[in-house]
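A, B, ... follow the sequence lines: proteins, then strands. Residue 1 opens every chain. All values reported here derive from a predicted model rather than from experimental measurement. Basis for what follows: all heavy atoms, side chains included, without hydrogens, waters or symmetry-related copies.
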Amino acid sequence: MIIDSSTMESEDEESLLGQESEDENSELSDSELQEAFAKGWLKPGMNVLVDKTKKHVNNVEGLKQCLAGFRKDLPWAERLDMTNLPAEDVIYKAEGKKPAVKIGDVNPDDDFQREMFFYRQAQATVLDALPLLSKHGIPTKRPDDYFAEMAKSDQQMQKIRKKLISKQLILQKSEKAKKLREQRKFGKKVQVEVIQKRHKEKRDMMTSVKKFQKGMTDKLDFLDGDQKKPREPSQAQNKVAKDNKKGPNAKRKYKDQRFGFGGKKKGKKWNTKESHNDVSGFRAKVANAKGAKKGAKGGKQNKRPGKSVRKKTKSRS
Amino acid sequence: MSAFKRKRGGQAPGNKKAKKAKFVADTSEAPKENEQEKTHEITVPAPVSQGKWKNKERVLIFSSRGINYRTRHMMQDLRTMMPHSKADTKMDRKDKLFVVNEVCEIKNCNKCIFFEAKKKQDLYMWVANSPHGPSAKFLVQNIHTLAELKMTGNCLKGSRPLLSFDPKFDSEPHFAVLKELFTQTFSTPRYHPKSQPFVDHVFTFTINDDRIWFRNYQIMEEDAALVEIGPRFVLNLIKVFQGSFGGPTLFENPNFTSPNMHRRQIRLAAAARVREKQMVKELQKLKRAGTKEDVTIDVTADVFLTPADETPVLIQTEAPEPKVVKKNKHKAFKRQRMARK
């Protein structure tokens, strides 16, 4: 045991140490303490047991001698050993990242990085060694007709191949399943749309037939069937431009008028001179429409014919 | 095995793989080749190495008792990979370690790889240069064998390996000794009778996290495309000795904790955590109990006391008179009253 005596300078430290040393000193028997005192080891002040730091053997001289003793100076062709850093990380370079991996920087817990480090070290060895091997006349490529026993049996290789194939199959299956699911969703959507379209067409047909019966229209255009006029791209553009020009929706406009900018002012007159003279609601096209298109906005498409005409058509149908 | 494994073109004189020599390695080929021999004229095969095999390096690979299946398979894999190796039966643990030297001598081997299993959990590996040379003891971890399906590479049985070392092996003297030891042990001698002339795999030794990582890759293409063959393991250096399986210690790894110590530390840590939790619980209990004080004196008792006027104390010495009970004065019952009316 080593007894270390500290001076009385830092009293806080000592009180702490004192607690520890009390416990430890209580383990020492009185006789031992008396002996130590007699020998002069114990000095006034706090005495603390200190652990001797364990010395690890590192006999450099011995190691070097040993190495010199047992090393065999064989030609390289016998040993085939290389010492090198790992090869350039191609992937890192391609991504533009700086390879932060030097020896000692590899995180041993990062499996992928670590294994890649070993792989690249082997690669560098192979790249450096191949010219040397060819120089010494040691072949690396097996000729095609050279068959010999391999380290792993054929059965083993078959198992490995099967495993790889099964992995690939699983992957393919899962991909197929995903695609099918997507298709089904999409297909369902398309189906729903088609059905809705059909319903809509039927509804429209019925309404136009009823209108004709009631005498609201005297045209039989709807019987011609779905003859969609081929829309030119300019027409489509025009349509889009027109929509943009008309500004917000009629609904939006109405709501703005009623609730926008503080809402309707109370007690305002309704039928005034200004409102009478206001012709902003007049749409010349709609008013003078003779054979307007189905999709035309604003106003009634087909004006209701007069009583006599209606009677005539009614009796006729 | 199937027919395609037969070697064709094996009659060339330059090919030292004479059929007789291959008998040991390809036992399955033997019957077919014997038939062939009978049909052709009998040629005296050339001596195996044609006198070129100079580097007589032999490695004895064996183990003690009590190893588990993974270790056993790894040992067999090493024997497969190293054609210059010899096998031996399991050594009894009762014998002292320097008996291994004698076994090596008997087998005429000058290197030894000895696996020692303790507690059926920990595996130690000794790599030694048998008669006089240095030896090293390692703790082996993370063993993966050849038979694992993730190791997809394959190589010729007995082909010579390239050895690849980390530059760190040159930095420290103990690593330099280890490097020399590994080089001599793992490299197959040229023109060894059981070896194949091609070099198609590479052993890698890398130092990382104060351990030596061993990997074995197959060289697929000339542009260094590699596939792992296996086996793979991690060596944790414990000590380097000057003699074989004994002798003065030349180097001791300061960062090495024995697996027992490691397990003990884990257990102590767990125990310490439990104790801490208990202490914390107790402290909390005390706190809760401690704050409750027995209220004996109500401090607020005399808040509403108003001093009253002094009244003379009247003491009654005589008992008070009994109260006259005014009972019903001859009042008849109601019914009778009604009847009277």
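When heavy atoms are compared at a cutoff of 4.5 Å, A/Leu74 approaches chain B solely by way of its side chain, counted from C-beta outward. Using a 4.5 Å cut-off between heavy atoms, A/Met82 touches chain B through backbone and side chain atoms alike. No part of B/Pro248 comes within reach of chain A, as not one of its non-hydrogen atoms sits under 4.5 angstrom from that chain. Interface remark: A/Lys163 contributes side-chain atoms only to the contact with chain B (heavy atom separation under 4.5 Å). The contact between A/Lys141 and chain B is made by backbone and side chain atoms together, counting heavy-atom distances below 4.5 Å. When heavy atoms are compared at a cutoff of 4.5 Å, A/Ala129 approaches chain B solely by way of its side chain, counted from C-beta outward. Heavy atoms closer than 4.5 Å to chain A are found in the backbone of B/Thr188, but not in its side chain. Contacts between B/Lys239 and chain A at a heavy-atom distance below 4.5 Å are absent for every atom of the residue. The contact between A/Glu115 and chain B is made by backbone and side chain atoms together, counting heavy-atom distances below 4.5 Å. A/Arg114 touches chain B through its side chain: at least one heavy atom from C-beta onward sits under 4.5 Å away, while N, CA, C and O do not. Using a 4.5 Å cut-off between heavy atoms, B/Asn253 touches chain A through its backbone atoms (N, CA, C, O) alone. Only the side chain of B/Thr183 comes within less than 4.5 Å of a heavy atom of chain A; its backbone N, CA, C and O stay farther away.
Proximity to chain B at a heavy-atom threshold of 4.5 Å picks out nothing from residues 185-193 of chain A.
Each of A/Ala77, A/Gly69, A/Ala124 has some count of heavy-atom pairs under 4.5 Å with chain B, and the biggest count is that of A/Ala77. When each of B/Arg160, B/His174, B/Arg232 is scored by its heavy-atom pairs under 4.5 Å with chain A, the top score falls to B/Arg160. In terms of heavy-atom pairs under 4.5 angstrom with chain A, the leader among B/Thr80, B/Val202, B/Thr249, B/Thr152 is B/Thr152. Contact count against chain A (heavy-atom pairs under 4.5 Å) is highest for B/Arg215 among B/Arg215, B/Glu57, B/Lys179. Of the residues considered (A/Thr140, A/Leu63, A/Ile138, A/Val126), A/Leu63 shows the highest number of contacts with chain B, using heavy-atom pairs under 4.5 Å. Looking only at heavy-atom pairs under 4.5 Å with chain A, the residue among B/Asp200, B/Leu146, B/Ile219 that has the most is B/Leu146. Contact count against chain A (heavy-atom pairs under 4.5 Å) is highest for B/Ala147 among B/Ala225, B/Ala147, B/Pro189. Looking only at heavy-atom pairs under 4.5 Å with chain B, the residue among A/Gln65, A/Arg142, A/Glu61, A/Lys159 that has the most is A/Arg142. Taking chain B as the reference chain and counting heavy-atom pairs below 4.5 Å, the highest number among A/Asn84, A/Leu127, A/Val60 is found for A/Asn84. Put simply, of B/Glu222, B/His201, B/Met81, the one with the most heavy-atom pairs under 4.5 Å next to chain A is B/Glu222.
Other residues, nucleotides and ligands contribute over 12 non-hydrogen atoms within 6.0 Å of the CE atom of A/Met157. Within a 6.0 Å sphere centred on NZ of A/Lys162, other residues, nucleotides and ligands contribute 12 heavy atoms or fewer. The neighbour count for B/His262 NE2, taken as heavy atoms of other residues, nucleotides or ligands under 6.0 Å away, does not exceed 12. Counting non-hydrogen atoms of other residues, nucleotides and ligands closer than 6.0 Å to NZ of A/Lys135 gives a total of 12 or fewer. When the shell of 6.0 Å around NE2 of A/His136 is examined, it contains more than 12 heavy atoms from other residues, nucleotides or ligands.
Although no hydrogens or angles enter the test, the distance criterion places no donor-acceptor pair under 3.5 Å between the side chain of B/Ser171 and the main chain of B/Pro167. Here the side chain of B/Ser135 pairs a donor or acceptor atom with the backbone of B/Gly243 at under 3.5 angstrom. Judged purely by atom type and a 3.5 angstrom limit, A/Gln123 uses its side chain to pair as donor or acceptor with the backbone of B/Ala224. The backbone N or O of B/Ser187 sits nowhere less than 3.5 Å from a side-chain atom of A/Asp81 that would complete a donor-acceptor pair.
Screening B/Phe214, B/Tyr217, B/Phe203, B/Trp213 for a ring-ring contact (aromatic ring centres under 6.0 Å, His included) with A/Phe118, the sole residue that qualifies is B/Trp213. Checked options B/His192, B/Arg190, B/His84; the residue passing with B/Trp53 is B/His192 (criterion: side chain to side chain contact (heavy atoms under 4.5 Å, CB included)).
No side-chain heavy atom of B/Asp166 sits less than 4.5 Å from a side-chain heavy atom of B/Phe175. Within the 4.5 Å cutoff, the side chain of B/Leu235 has no heavy atoms near those of the B/Phe205 side chain. Side-chain contact between B/Arg211 and B/Asn236 is present, with at least one heavy-atom pair separated by less than 4.5 Å.
The distance between the ring centers of A/Tyr146 and B/Phe198 falls below 6.0 angstrom.
Under the rule for a salt bridge (charged side-chain N to carboxylate O under 4.0 Å, His left out), B/Arg79 has no partner lying at least two apart in sequence or in another chain.
A donor atom on one side chain and an acceptor atom on the other are found under 3.5 Å apart for B/Lys111 and B/Gln184.
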